[in-house]
**Q** 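Dumping the structure here so I can ask a few things about it.
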Amino acid sequence: MLKRAKTIPGYELTVSLEEQTVTDSRGFEAKFEIDPFRRFCLIEGLDDIGLTLRHEAELDAFEAKHDEANWLKAKDSF
């Protein structure tokens with residue numbers, strides 16, 4: 001693969017996360033392993049923030065519930 005990349009002008013590889021393969025138009029094919037969770041994140045374009053935001057509705061409900069309980073408000077000390 002590296003030899004082809006160095007010697008063939010315009011050489012291109014195709015990496016498929018879905019199929020977990022690397023291929024070229026000249027018959028090269030290799031499979032690779034990747035952690036299923038990392039694969040999912042890469043395919044979906046998710047970073048840590050994106051993963052968190054997938055639970056935005058649940059987070060909002062949690063925050064609203066705790067706001068209603070006045071947990072952020074100062075209590076009188078009298």
**Q** What's the separation between atom CD in Glu19 and atom CZ in Phe32, rounded to the nearest 0.5 Å?
**A**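 Rounded to the nearest 0.5 Å, the CD-CZ separation comes out at 10.0 Å.
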**Q** Quick one: salt bridge (charged side-chain N to carboxylate O under 4.0 Å, His left out) partners of Arg39, sequence neighbours excluded?
**A**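 Residues passing salt bridge (charged side-chain N to carboxylate O under 4.0 Å, His left out) with Arg39: none at all.
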**Q** If only atom types and distance count, is the side chain of Asp60 paired as donor or acceptor with the main-chain N or O of Glu63 below 3.5 Å?
**A**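 No; zero donor-acceptor contacts below 3.5 Å.
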**Q** Is the backbone of Thr23 close enough, under 3.5 Å, to the side chain of Glu29 for a donor and an acceptor to pair up by distance?
**A**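 Side chain of Glu29 to backbone of Thr23, a donor-acceptor pair under 3.5 Å: no, none is there.
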**Q** In Å, rounded to the nearest 0.5 Å, how long is the span from CD of Glu12 to CZ of Arg26?
**A**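 Interatomic distance, Glu12 CD to Arg26 CZ, rounded to 0.5 Å: 11.0 Å.
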**Q** Which distance, rounded to the nearest 0.5 Å, do you find between the CG of Leu46 and the CG of Leu51?
**A**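 Answer rounded to 0.5 Å: 5.0 Å.
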**Q** Are Leu53 and Leu59 packed together at the side-chain level, in the sense that at least one heavy-atom pair is separated by less than 4.5 angstrom?
**A**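 Not in contact.
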**Q** State yes or no: do Val22 and Ile8 share one hydrophobic cluster built from I, L, V, M, F, W and Y residues joined by side-chain heavy-atom distances below 4.5 Å, directly or via other members?
**A**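 Val22 and Ile8: one cluster.
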**Q** Once rounded to the nearest 0.5 Å, what's the spacing between atom CE of Met1 and atom CG of Leu13?
**A**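 Nearest 0.5 Å value for the CE-CG distance: 6.0 Å.
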**Q** For the atom pair OH (Tyr11) and NZ (Lys6), what is the distance rounded to the nearest 0.5 Å?
**A**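 Interatomic distance, Tyr11 OH to Lys6 NZ, rounded to 0.5 Å: 13.0 Å.
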**Q** Flag yes if more than 12 heavy atoms outside Glu58 fall under 6.0 Å of its CD atom; otherwise flag no.
**A**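 More than 12 heavy atoms, drawn from other residues, nucleotides or ligands, come within 6.0 Å of this atom.
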**Q** When you compare the side chain of Phe28 with that of Thr14, does any pair of heavy atoms fall below 4.5 Å?
**A**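 Answer no - side chains too far apart.
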**Q** Go through the steps for Asp35 and Phe40 under the test side chain to side chain contact (heavy atoms under 4.5 Å, CB included), then give the verdict.
**A** CA-CA 9 Å; Asp35 176 75; Phe40 169 78; over 6 Å; no
**Q** Do Ile43 and Val15 share a hydrophobic cluster, counting only Ile, Leu, Val, Met, Phe, Trp and Tyr and linking them when any side-chain heavy atoms are less than 4.5 Å apart?
**A**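 Same cluster.
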